[in-house]
Amino acid sequence: MISYRPTVPADLDRVTAWSVTEPVGWIPADRYLADLAENMYRPGWTWIAEIDHQVVGRALWWGPRDSAHPVALDCLDVDPAVGDRTAIAAELIRAALTGFPRPVQYAIKAAGGWRDDPATSTAVEWRRAAAHAAGLTREVERLQFEWTPADGVPPVTGVLRFAEASDEEFLTVFTRIAEGSLDAQTRANLAAKGVETTAREEMDFYLRAPGKREWWRIAYTHEGEVAGMAIPSATPYNVNVGYLGVVPELRGRGYVDEILAEITRIHAANGELRVTATTDVGNAPMAAAFGRAGYRNTEIRINLSNDLRP
């Protein structure tokens, strides 16, 4: 008989003793304990599957330190000796979701070309099947990129002028950039919520992020036209590219390279040693822009979710 439950503080040693041997991203003890101390992992968000009081599965849910509910499943694993790992993992997710009213997502992290490596493909597919069975059926595959100073700080070319602006001005640009976006999340939000709500939610997301508002810039042409915007941002772990885009009527002129370069320069000027970025596999122009800017693809993320979220 398998039981599923959130942990209590007395389970800590059993939770941190768990390790994942498959070639997928996972959360080791030191990372779990550090985020537990910051209230981003919590006993009530950490779920285990047990057989005769022995832990046979673990699901670690993460959320911002001030959040009432988690927003992401960070690590999912089941002991291969118990049999049907997919069924047990699916039930672990379902059990947790009954108490999590907000939309959530699960990112399976793997090396690029994961489909061609049997061990990695197997590790991804049973987790993916479990997530689908538990209702996390909306799927987007994303590329994770990384930049370091060794990759070179892009020079200022003067092609565009960058300036700070008000929230109202940024909201207008968020609204314009959403049109024709190749980002799967933005497209889904536009279809479900419309452009005004989508723009507001995307802007609010970055206002709440750990990045600094004073980093934000609007890009202008020499003629004074708004060309797009640069939103350098951050997570609790590192700085990132955040959000960038070019207004529809000026796309195809190479301005995306200039805007990405400005974001990189801002982080470099602040002494950052690592900048991360993500884009959908289907957004080939953005992936190519990262490559031209010296960003290296470090992993693939298969994002699975149960609802729309900015």
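For the pair Arg176 (side chain) and Val247 (backbone), a donor-acceptor distance under 3.5 Å is absent. No side-chain donor-acceptor contact under 3.5 Å links Arg251 to the backbone of Val256. For the pair Thr98 (side chain) and Ala95 (backbone), a donor-acceptor distance under 3.5 Å is present. A distance-only check finds no donor-acceptor pair linking the side chain of Arg138 to the backbone of Gly135 [under 3.5 Å]. The backbone N or O of Val56 sits nowhere less than 3.5 Å from a side-chain atom of Arg58 that would complete a donor-acceptor pair. A distance-only check finds no donor-acceptor pair linking the side chain of Ser67 to the backbone of Pro70 [under 3.5 Å]. Arg42 places a side-chain N or O within 3.5 Å of a backbone atom of Arg65 that can act as its donor or acceptor partner.
Side-chain contact between Gln185 and Glu202 is absent, with no heavy-atom pair separated by less than 4.5 Å. Side chains of Leu73 and Val104 form no contact here, defined as non-hydrogen atoms less than 4.5 Å apart. Taking 4.5 Å as the limit, every side-chain heavy atom of Val226 sits out of range of all side-chain heavy atoms of Glu169. For the pair Leu36/Leu12, a side-chain contact is recorded, criterion being any heavy-atom separation below 4.5 Å from C-beta on. Contact check for Tyr32 versus Asp74: no side-chain heavy atoms found under the 4.5 Å cut-off. Trp26 places a side-chain heavy atom less than 4.5 Å from the side chain of Ser19. For the pair Trp18/Ile48, no side-chain contact is recorded, criterion being any heavy-atom separation below 4.5 Å from C-beta on. No side-chain heavy atom of Val195 sits less than 4.5 Å from a side-chain heavy atom of Glu179.
Taking all atoms of both residues into account, the shortest heavy-atom contact from Ile88 to Tyr4 is O-CE2, 3.6 Å. Among all heavy-atom pairs drawn from Pro210 and Ala234, the shortest one is CD-O, 3.1 Å. In plain terms, the two heavy atoms of Arg213 and Phe170 that are nearest each other are NH2-CD1, 3.4 Å. Across His267 and Trp215, no two heavy atoms sit closer than the pair CE1-CZ3, 3.7 Å. The nearest pair of heavy atoms linking Trp147 to Gly152 is NE1-O, 3.0 Å.
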Carefully, step by step, assess Gln105 and Val71 under the rule side-chain contact (heavy atoms from CB on, under 4.5 Å). CA-CA 7 Å; Gln105 63 178 352; Val71 297; over 6 Å; no

Test Asn297 against Phe290 for side-chain contact (heavy atoms from CB on, under 4.5 Å), laying out the working first. CA-CA 9 Å; Asn297 180 218; Phe290 283 127; over 6 Å; no

Would you please test Glu139 and Arg128 for side-chain contact (heavy atoms from CB on, under 4.5 Å) and show each step? CA-CA 9 Å; Glu139 182 173 328; Arg128 181 171 171 266; 2.9 Å; yes

Take Tyr41 and Arg31 through the side-chain contact (heavy atoms from CB on, under 4.5 Å) test and state the conclusion after the steps. CA-CA 10 Å; Tyr41 290 127; Arg31 163 75 181 277; 4.1 Å; yes

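In this structure Ser3 satisfies the side-chain contact (heavy atoms from CB on, under 4.5 Å) test together with Glu50, sequence neighbours excluded. Under the ring-ring contact (aromatic ring centres under 6.0 Å, His included) criterion, Trp114 pairs with no residue at all, not counting sequence neighbours. Not counting sequence neighbours, the partners of Tyr206 by the ring-ring contact (aromatic ring centres under 6.0 Å, His included) test are Tyr243.
Atom CG of Asn238 and atom CG of Leu273 lie 11.5 Å apart (nearest 0.5 Å). Rounding to the nearest 0.5 Å places CZ of Phe145 at 9.0 Å from OG1 of Thr278. Remark: Leu143 CG to Asn283 CG distance equals 9.5 Å, nearest 0.5 Å. In this structure, Asn270 CG and Arg265 CZ are separated by 13.0 Å, a value rounded to the nearest 0.5 Å. Within the model, atoms CE of Met1 and CG of Asp52 stand 11.0 Å from one another, a figure rounded to the nearest 0.5 Å. If you take CD on Glu272 and OG1 on Thr148, they are separated by 12.5 Å, rounding to the nearest 0.5 Å.
Within the structure, the salt bridge (charged side-chain N to carboxylate O under 4.0 Å, His left out) test picks out the following pairs touching residues 278-291 (sequence neighbours left out): Arg142-Asp280. Judged as a salt bridge (charged side-chain N to carboxylate O under 4.0 Å, His left out), the pairs with a partner in residues 114-124 (not counting sequence neighbours) are, in order, Arg115-Glu141. A salt bridge (charged side-chain N to carboxylate O under 4.0 Å, His left out) check over residues 282-301, counting only residues at least two apart or in different chains, returns the pairs Glu146-Arg296, Asp151-Arg296, Asp257-Arg292, Glu299-Arg301.
Phe100 and Trp47 have perpendicular rings, their planes meeting at more than 60° on a 0 to 90° scale where under 30° would count as parallel. A tilted orientation is assigned to the rings of Trp62 and Tyr237, their planes being inclined by 30° to 60°.
Under the 4.5 Å side-chain heavy-atom criterion for Ile, Leu, Val, Met, Phe, Trp and Tyr, Leu244 and Leu207 are members of the same hydrophobic cluster. Following chains of ILVMFWY side-chain contacts shorter than 4.5 Å, one cannot reach Leu190 starting from Phe205, and the two form parts of different hydrophobic clusters. Residues Val241 and Val140 do not share a hydrophobic cluster, defined by chaining ILVMFWY side chains whose heavy atoms lie under 4.5 Å apart. Linking ILVMFWY residues whenever their side-chain heavy atoms come closer than 4.5 Å, directly or via other members, places Leu97 and Ile2 in the same cluster. A single hydrophobic cluster is not seen to contain both Leu182 and Val173; linkage of ILVMFWY side chains at heavy-atom distances under 4.5 Å, directly or through other members, places them apart.
Between His69 and Trp61, the gap from one ring centroid to the other reaches at least 6.0 Å.
A salt bridge links Asp77 with Arg127; the closest basic N to acidic carboxylate O contact falls under 4.0 Å.
Defined by atom type and a distance below 3.5 Å, a donor-acceptor pair is missing between the side-chain atoms of Tyr255 and Thr221.
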